[in-house]
Student: 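Provided herewith is a single structure, encoded as structure tokens, for subsequent inquiry.
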Protein chains: 2
Amino acid sequence: MITYRQQQLDALGDVTRRTLLEKLRSGALPVGELAKNLPVSRPAVSQHLRVLKQARLVQDEAVGTRRYYKLDPRGFAALRSYLDRFWSEALEAFKAKVEEE
Amino acid sequence: MITYRQQQLDALGDVTRRTLLEKLRSGALPVGELAKNLPVSRPAVSQHLRVLKQARLVQDEAVGTRRYYKLDPRGFAALRSYLDRFWSEALEAFKAKVEEE
DNA sequence: GCTTACCGTTAGTGATTACTTACCGACAGC
DNA sequence: GCTGTCGGTAAGTAATCACTAACGGTAAGC
């Protein structure tokens with residue numbers, strides 16, 4: 001099973017992309033709506049959406065001439081479980097360290 | 001309460017910094033140990049550690065001439081709770097959308 | 001058919017960011 | 001005291017990355 005974790009964390013490392021994800025929290029939105037009130041041009045938004053899509057953080061669906069984007073549950077689930085595992089392993093290592101002494 | 005989320009996610013957006021965090025999962029390590037087997041120089045590691053520290057993702061402690069770095073529980077807890085909240089809000093919005101129809 | 005709205009892609013540019021090299025201070029061992 | 005180890009900082013460079021402008025393609029409205 002391949003993960004997209006590296007791409008996902010890279011994708012989250014940009015403030016504009018994070019803003020896009022925040023906007024999508026309340027549901028699917030077309031590109032034009034996403035680009036509204038952003039300090040960057042619409043093509044820039046398209047490029048960011050491509051990165052987010054490749055990282056499995058968003059999904060898109062064409063409806064007429066519009067293209068709706070929404071959060072991708074698979075990507076977020078993978079990210080959450082990784083973070084959980086990462087942290088619980090760190091805690092176990094810490095406990096083992098304490099008991100060692 | 002101020003959070004360091006923006007800095008944290010920016011900090012996670014670099015492969016070398018993520019590698020450093022992975023190494024720290026098993027416990028505290030001095031800089032020289034962290035720099036070992038990495039494709040970048042030791043000063044580069046120091047600079048990355050500074051970024052991680054400012055983002056509250058690591059803590060450091062001087063012991064003699066060495067400086068040990070370890071994961072910062074506060075930063076990771078904040079990050080986890082944010083991701084959890086983010087995702088649960090997204091799920092609620094999705095449910096509301098479904099019931100709407 | 002024509003026109004308009006919506007959006008992806010490409011090419012080139014600008015800004016950000018990670019990197020190395022050189023340097024310096026602090027502590028340990030002698 | 002001197003020497004070696006450890007590691008942070010600064011300056012300059014290289015590479016990455018985000019951005020805009022220009023273009024083209026598709027669907028909807030007329």
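Computed over heavy atoms, backbone and side chain alike; hydrogens, waters and symmetry mates excluded. Just so you know, these numbers come straight off a predicted model, no measurement behind them. Every chain is numbered from 1 and lettered A, B, ... according to where its sequence line falls, protein lines coming before strand lines.
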Student: Under a 4.0 Å N-O cut-off, is there an ion pair linking A:Asp10 with B:Arg18?
Tutor: yes

Student: Got a donor-acceptor pair under 3.5 Å from the side chain of B:Gln47 to the base of C:dT17?
Tutor: no

Student: Rounding to an integer number of Å, can you tell me how far A:Arg50 CZ sits from D:dC19 P?
Tutor: 13 Å

Student: Please report the shortest heavy-atom distance between A:Ser46 and A:Val31, naming the atom on each side.
Tutor: OG-CG1, 4.2 Å

Student: B:Leu49 CG to C:dC19 C1': how many Å, rounded?
Tutor: 15 Å

Student: Reckon A:Tyr68 has a side-chain N or O less than 4.0 Å from the OP1 or OP2 of C:dC6?
Tutor: no

Student: What residues in residues 14-29 of chain A put a non-hydrogen atom under 4.0 Å from any atom of DNA chain D?
Tutor: A:Asp14, A:Thr16, A:Arg17

Student: If you take all heavy atoms of B:Leu49 and B:Val58, which pair is closest and at what distance?
Tutor: O-CG2, 4.0 Å

Student: Measure from CZ on A:Arg66 to P on C:dC6 and round the result to the nearest Å.
Tutor: 5 Å

Student: Can you find a side chain N or O atom of B:Tyr69 that sits less than 4.0 Å from OP1 or OP2 on D:dG8?
Tutor: yes

Student: Would you call B:Lys36-B:Glu33 a salt bridge at under 4.0 Å N-O?
Tutor: yes

Student: Would you indicate which nucleotide in D:dC19, C:dC19, C:dG8 comes nearest to any side-chain atom of A:Ala44?
Tutor: D:dC19

Student: Same cluster or not: are A:Leu91 and A:Phe86 linked, directly or through other Ile, Leu, Val, Met, Phe, Trp or Tyr residues, by side-chain heavy atoms under 4.5 angstrom apart?
Tutor: yes

Student: For A:Ala11, is there any backbone N or O sitting under 3.5 Å from a side-chain donor or acceptor partner on A:Arg17?
Tutor: yes

Student: Just to confirm, is there a sub-4.0 Å distance from OP1 or OP2 of C:dG8 to any side-chain nitrogen or oxygen of A:Ser46?
Tutor: yes

Student: Could you state the NZ-C1' distance from A:Lys53 to C:dT9, rounded to the nearest angstrom?
Tutor: 13 Å

Student: A:Gln6 CD to D:dT16 P: how many Å, rounded?
Tutor: 16 Å

Student: Membership question, hydrophobic clusters at under 4.5 Å side-chain separation (ILVMFWY): are B:Leu9 and A:Tyr82 in the same one?
Tutor: yes

Student: Check the distance between D:dC17's P and A:Gln54's CD and give it to me in whole angstrom.
Tutor: 13 Å

Student: Hey, which sits more toward the 5' end of DNA chain D by its nearest nucleotide, A:Gly13 or A:Thr65?
Tutor: A:Gly13

Student: Please list residues of residues 35-43 of chain A whose heavy atoms come under 4.0 Å from any atom in DNA chain D, ordered by number; otherwise none.
Tutor: A:Pro39, A:Val40, A:Ser41, A:Pro43

Student: A:Asp60 CG to C:dC7 C1': how many Å, rounded?
Tutor: 11 Å

Student: Under a 4.0 Å threshold between the charged nitrogen and the carboxylate oxygen, would A:Glu22 count as salt-bridged to A:Arg25?
Tutor: yes

Student: Are B:Asp72 and B:Arg56 close enough for a salt bridge, meaning some N to O gap below 4.0 Å?
Tutor: no

Student: Output the rounded distance in Å from CG (A:Leu52) to C1' (C:dG8).
Tutor: 15 Å

